[in-house]
*Asks:* 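Have a look at the structure that comes next, please.
Convention: sequence-line order gives letters A, B, ...; per-chain numbering from 1.
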Number of protein chains: 2
Amino acid sequence: MVKITDVARHAGVSPSTVSYALSGKRPISDETRRRIEASIRELGYRPHAGARALASSRSNVLALVIPLRTGIHVPVVMQFAVSVVTTARRYDHDVLLLTQEEGEEGLHRVADTALVDALIVMDVQLHDPRLPLLRTLERPSVLIGFPAAAQGLTCVDLDFRAAGELCVERLAGLGHRVVALVGSPPEVYVRETAFAQRVVQGFTTAADRNGMASSVRPCPATPAAARRTAEQLLREQPALTGVVVHNEAVLEPLVDAFEQLGLRVPTDLSITAICPDELAASLRVPVTSVALPAAELGERAAELLMRRLDGDPDVPEATLLTPRLTERASTAPREAP
Amino acid sequence: MVKITDVARHAGVSPSTVSYALSGKRPISDETRRRIEASIRELGYRPHAGARALASSRSNVLALVIPLRTGIHVPVVMQFAVSVVTTARRYDHDVLLLTQEEGEEGLHRVADTALVDALIVMDVQLHDPRLPLLRTLERPSVLIGFPAAAQGLTCVDLDFRAAGELCVERLAGLGHRVVALVGSPPEVYVRETAFAQRVVQGFTTAADRNGMASSVRPCPATPAAARRTAEQLLREQPALTGVVVHNEAVLEPLVDAFEQLGLRVPTDLSITAICPDELAASLRVPVTSVALPAAELGERAAELLMRRLDGDPDVPEATLLTPRLTERASTAPREAP
DNA sequence: TGGGGACGTCGAAGCGCTTCGACGCAGGAC
DNA sequence: GTCCTGCGTCGAAGCGCTTCGACGTCCCCA
């Protein structure tokens, strides 16, 4: 293994000079820098990560905690993770993958051993047991999702409340008066996943504001459940003409189910969804949707973390991305009755 | 930060004794060990990862390189990753996430800086440009997938050739004489992804062996493409009664398409697939399938790597998992003509 | 009864890097 | 001409841990 002393000798300087040339923390003459760079290239030098971490108390590694639970759309998690990795690399950092299964002990482990400099935590619950820990940890963290009490924590998320409202407002603008929300699987609400509840709030608020008849229905992530949900909705709200779907897994089967029950989309029934754009656009009937910007969320999270690591004093605590609705083929004005 | 010297003082022993108590590399009396453990607990000591890595030349971190490309089923990648992380943790290791985008430079970086002790590389191509690098790297690696020339490399994969054969043999056993393979998207074959080609080989071999009429058709990962493929197949092979699907994304739309074209599954058309069990089992018509054992592959890969890190001299180079077929509702004996 | 292990512990060296203080030197201000 | 300042570089200390060799003690066997 070639080390910094080898480079120093080869370039005719001291090890500290090589270190400063690499880090830029002290001025180095162009001439010297060039010699050092040449030596590094020639010898194929790579600084030892452990030695660096020990001496500088910086590992240049971020921890990313991903959820494993059911009811969470896997491609979204993946997109997010990839985006975090890509962004971290732009700032010369790497990403350590943790599963939620490891729990608080896992967070402690990687933080207290200085394996990582900072953490990104996904799938935050309204009353997440990890919050106190994250607050006391000596390393900064960014949460994806907003817990009930977010003070002192850096949080990033899509504004799901506004997303719910946006979907309803769109339907209202098209003249629909009776709407329903097909939500995430029941277990997601049971464990008080923040974003799911916010969608419900936004949906309800906007429906009330517009004087619409509305109902909310969680839905397990299976085609059979989708079909059952569609049947129940039509039975209980025969005048239903607008549906908001916040459940990636059943979006397609749900559309199919409605059509098999005799409703044409969008002629008889308008559908809007909150889901990744790729999914909405790829369906047989492309669905008008509010995008779930997983990649942007990942990027933002990583960037906020880098700012905090840089000691930036005014990193915003709350970052809510504004939802954007893309019109596709699943929405139309309500037919005159 | 509490360090090993603090623990040593608190327990009334020398730092080296604490270290040996922790690593078990030298015998320590029960009495002393207990005192040390108590001190560790009381002080909340966690060894500094960087210092450890520097002194022991072991970071206890594995690199996992995941593919980003199109045509690869995301949930499978995720399952695999989670399984690697879980298994690595069993052996007290963590996992650093790299994207394929980083390429050979990324491999070099994490290996040469001693950030990681070993690497797991997914989505290996038949003639993967990373192979020479992996061979010369001073750290062990395990590949998921078999390149054309695998000597000197530790590889793990499902036996896709056998999986292809198994699907055909099942159809043959049910009396089917005309079969087709709906494969992965064309780009997967273009870049010579090993597993896709092996399925084709197995399929063709078994079909020939059984004197069946057969055809192979790559299929883009969209419902529209699935429908088009179904139509073309029926046009070109009107006597078709058996289909093997090796393409997660189109499995469901393909079944739908066949049914819409007037074929009942399994009465008129038997279908077998190579895909994750969850997917096959969750469809409206549960599909007879050969499981893609992502979790098991991940576990095997991590375990092989741990053995190599332990210096085990006879770690097998090739590990091919035997495919298992699960009978479901999509296959039936061929109707008497 | 003496010698040789095994056991349990310690001290010191060193892993490869960063960083702090110091120092020589050139240039500008007076 | 002197003094000060800032630039560019060096040497040494030290980050927190592991590991090697050494040493004392005890026990067992000849």
*Asks:* Starting at atom CG of L115(A), determine the distance to atom P of dG16(D), rounded to an integer number of angstrom.
*Replies:*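 After rounding, the gap between these two atoms is 16 Å.
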*Asks:* Using the test salt bridge (charged side-chain N to carboxylate O under 4.0 Å, His left out), find all partners of E303(B) that sit at least two apart in sequence or belong to another chain.
*Replies:* R90(B)
*Asks:* Which pair of non-hydrogen atoms, one from D314(A) and one from R307(A), has the smallest distance, and what is that distance?
*Replies:*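 So the minimum-distance heavy-atom pair works out to O-NH2, 3.3 Å.
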*Asks:* If you look at every heavy atom in D157(B) and G145(B), which pair is closest and at what distance?
*Replies:* OD2-CA, 3.0 Å
*Asks:* Can you tell whether the side chains of E101(B) and R89(A) come within less than 4.0 Å, N to carboxylate O?
*Replies:* no
*Asks:* Where the side chain of K3(A) is concerned, which of dG16(D), dG16(C), dT9(C) is the nearest nucleotide?
*Replies:*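 So the side chain of K3(A) is nearest to dG16(C).
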*Asks:* Which part of the nucleic acid, if any, lies within contact of P27(A), taking any heavy atom under 4.0 Å across all strands shown: a base, the sugar-phosphate backbone alone, or nothing?
*Replies:* base
*Asks:* Taking the minimum atom-to-atom distance to the side chain of I4(A), which one of dC17(D), dT18(C), dT9(D) wins?
*Replies:* dT18(C)
*Asks:* For the helix from dT1(C)-dA30(D) to dC30(C)-dG1(D), what angle separates the axis at the start from the axis at the finish, each from five pairs, in steps of 10°?
*Replies:*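 Here the helix ends are tilted 40° relative to one another.
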*Asks:* Quickly work out the H48(A) NE2 to dC15(D) P distance and round it to whole Å.
*Replies:*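 Distance, rounded to whole Å: 19 Å.
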*Asks:* Do the charged groups of R46(B) and E105(A) touch, with an N to O distance under 4.0 Å?
*Replies:* yes
*Asks:* Would you classify L54(A) as touching base, sugar-phosphate or nothing, given that sugar-phosphate means primed atoms plus P, OP1 and OP2, and contacts are heavy atoms under 4.0 Å?
*Replies:*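 Contact class for L54(A): base.
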*Asks:* Is there a donor-acceptor contact under 3.5 Å linking the side chains of S83(A) and T86(A)?
*Replies:*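 Checked: S83(A)/T86(A) side chains show no N/O donor-acceptor pair below 3.5 Å.
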*Asks:* Would you mind reading off the distance between M1(B) atom CE and dC17(D) atom C1', rounded to a whole angstrom?
*Replies:* 10 Å
*Asks:* Any carboxylate oxygen within less than 4.0 angstrom of a Lys/Arg side-chain nitrogen, looking at R109(B) and D94(A)?
*Replies:* yes
*Asks:* To the nearest Å, how far apart are R33(A) CZ and dC7(D) P?
*Replies:*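 Nearest whole value for this atom pair: 14 Å.
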*Asks:* Calculate the interatomic distance between L22(B) atom CG and dT9(C) atom P; express it in whole Å.
*Replies:* 14 Å
*Asks:* Among side-chain atoms of S19(B) and S16(B), is any donor-acceptor pair under 3.5 angstrom?
*Replies:*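 Side chains of S19(B) and S16(B): no pair found under 3.5 Å.
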*Asks:* Pairs under 3.5 angstrom, nitrogen or oxygen only, protein versus nucleotides 19-22 of chain C, please.
*Replies:*
{"unit_1": "dT19(C)", "atom_1": "OP1", "unit_2": "K25(A)", "atom_2": "NZ", "d": "3.4"}
{"unit_1": "dT19(C)", "atom_1": "OP2", "unit_2": "K25(A)", "atom_2": "NZ", "d": "3.1"}
{"unit_1": "dC20(C)", "atom_1": "N4", "unit_2": "Y20(A)", "atom_2": "OH", "d": "2.6"}
{"unit_1": "dG21(C)", "atom_1": "N7", "unit_2": "R26(A)", "atom_2": "NH2", "d": "3.2"}
{"unit_1": "dG21(C)", "atom_1": "O6", "unit_2": "R26(A)", "atom_2": "NH1", "d": "2.2"}
{"unit_1": "dG21(C)", "atom_1": "O6", "unit_2": "R26(A)", "atom_2": "NH2", "d": "3.3"}
{"unit_1": "dA22(C)", "atom_1": "N6", "unit_2": "R26(A)", "atom_2": "NH1", "d": "3.3"}

*Asks:* Please state how far atom CG in D30(A) lies from atom P in dG8(D), giving the value in whole angstrom units.
*Replies:* 9 Å
*Asks:* To the nearest angstrom, how far is R9(A) atom CZ from dG11(D) atom P?
*Replies:*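 So the two atoms are 13 Å apart, to the nearest Å.
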*Asks:* So does D6(A) pair up with K3(A), basic N to acidic O under 4.0 Å?
*Replies:* no
*Asks:* Between R52(A) (CZ) and dG16(D) (P), how many Å, whole number?
*Replies:* 18 Å
